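Computed from a predicted structure; not experimentally measured.
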Amino acid sequence: MDTAPPRESAQLTFRDATEADVPALVTLIESAYRGDSSRAGWTTEADILQGRRTDPEGVRAVVESPGSRLLVVERDGGLIACCQLEHRGEAAYFGMFAVRPELQGGGLGKAIIAEAERTVRESWGATEMHMTVISVREELIAYYERRGYRRTGELSPFPYGDERFGIPQRDDLAFELLIKDLKN
């Protein structure tokens with residue numbers, strides 16, 4: 001795990017998550033994706049998935065996994081966002097992205113994605129960033145396309161029946177791979 005000192009950017013502090021961060025990160029991730037609290041932001045999955053988005057074990061696994069980082073984003077000492085970065089050869093995977101719902105839509109996501117991309121280029125020499133997005137989330141996919149990600153059309157099945165990923169409210173869910181070239 002990289003133990004670089006926290007990096008400041010436009011009053012945001014970026015650092016690697018620790019075991020002590022796990023409870024607050026679970027709360028943040030849940031609030032951004034599921035339940036009524038997620039409806040305060042625009043990235044909610046509440047209409048397509050119910051149940052949990054993650055749990056302490058899932059977050060802890062990312063924090064402790066070699067080749068993986070859970071980037072914590074703070075402002076004025078308070079946790080406001082996070083994202084998972086995973087080293088996958090020449091590519092990096094971007095996931096578990098969450099911004100406090102009441103702060104969404106103000107440009108934080110754009111700044112965090114840019115920092116994540118810089119981090120994987122500098123730390124791992126990554127030349128591509130990969131992510132998967134639920135294919136019916138057109139507005140979210142369009143957001144990532146505006147940030148330079150492209151749809152691949154490569155779909156992987158949603159894990160129906162595995163409540164660790166939520167309780168689907170539709171029968172047409174799949175994950176689509178999005179990729180961004182980081183060489184430029």
[atom1]-[atom2] distance between [X] and [Y], expressed to the nearest 0.5 angstrom:
X: D16; Y: S68; atom1: CG; atom2: OG; value: 9.5 Å
X: E128; Y: R121; atom1: CD; atom2: CZ; value: 13.0 Å
X: C83; Y: F14; atom1: SG; atom2: CZ; value: 8.0 Å
X: T13; Y: E115; atom1: OG1; atom2: CD; value: 10.5 Å
X: E117; Y: M129; atom1: CD; atom2: CE; value: 5.0 Å

Just wondering, do [Y] and [X] contact through their side chains at under 4.5 Å, heavy atoms?
X: S135; Y: L155; answer: yes
X: Y149; Y: I113; answer: yes
X: T152; Y: L178; answer: no
X: R151; Y: E176; answer: yes
X: W124; Y: L85; answer: yes
X: V120; Y: L182; answer: yes
X: I112; Y: L71; answer: no
X: V133; Y: F175; answer: no

Heavy-atom closest pair, residues [X] and [Y]:
X: P168; Y: L49; answer: CA-CD2, 3.6 Å
X: A20; Y: P23; answer: O-CD, 3.7 Å
X: V22; Y: P56; answer: CG1-O, 3.7 Å
X: A32; Y: P101; answer: CA-CG, 3.9 Å
X: G148; Y: K180; answer: O-CG, 3.6 Å

Test of understanding: clusters of I, L, V, M, F, W, Y form through side-chain heavy atoms closer than 4.5 Å, transitively. Do [X] and [Y] belong to the same one?
X: I179; Y: I141; result: no
X: V72; Y: L103; result: yes
X: L177; Y: I134; result: no
X: F158; Y: L140; result: no
X: M96; Y: V73; result: yes

With the threshold set at 4.0 Å, does a side-chain nitrogen-carboxylate oxygen contact exist between [X] and [Y]?
X: E86; Y: R88; result: yes
X: R15; Y: D21; result: yes
X: R150; Y: E145; result: no

- Message: Holding to ring-ring contact (aromatic ring centres under 6.0 Å, His included), I want the full list of residues that pass it with F97, two or more places apart in sequence or in another chain.
- Response: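 Applying ring-ring contact (aromatic ring centres under 6.0 Å, His included) to F97 gives F94.
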**Q.** Partner residues of H130 under the ring-ring contact (aromatic ring centres under 6.0 Å, His included) criterion, sequence neighbours left out
**A.**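 Checked H130 against ring-ring contact (aromatic ring centres under 6.0 Å, His included); zero matches.
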Side-chain atoms of residues 57-65: list all donor-acceptor pairs with protein atoms under 3.5 Å, sequence neighbours left out, distances to 0.1 Å.
from, atom 1, to, atom 2, distance (Å)
R60, NE, E19, OE1, 3.0
R60, NE, E19, OE2, 3.0
R60, NH2, E19, OE2, 3.4

Please check if the side chain of [X] supplies one atom and the backbone of [Y] the other of a donor-acceptor pair under 3.5 Å.
X: Y160; Y: L173; value: yes
X: R52; Y: T54; value: yes
X: Q169; Y: I167; value: yes

- So, is the end of the R147 side chain (NZ or CZ) under 6.0 Å from the ring centre of Y143 and within 45° of the ring's axis?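 Yes, a cation-pi geometry.
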| task | Would you please test L12 and I80 for side-chain contact (heavy atoms from CB on, under 4.5 Å) and show each step? | result | CA-CA 9 Å; L12 299 178; I80 61 166; 3.6 Å; yes
Q.
Does either side chain, that of S123 or that of R69, offer a donor lying less than 3.5 Å from an acceptor on the other one?
A. yes
request  = Apply side-chain contact (heavy atoms from CB on, under 4.5 Å) to the pair L79 and R100, showing each step before the final yes or no.
outcome  = CA-CA 9 Å; L79 174 65; R100 282 185 24 200; over 6 Å; no
>> Let's go through Y93 and T132 carefully: what are the C-alpha distance in whole Å and the side-chain angles of both, what is the deciding distance for side-chain hydrogen bond (donor to acceptor under 3.5 Å, both in side chains) to 0.1 Å, and is it a yes or a no?
In response: CA-CA 9 Å; Y93 178 79; T132 55; 3.0 Å; yes
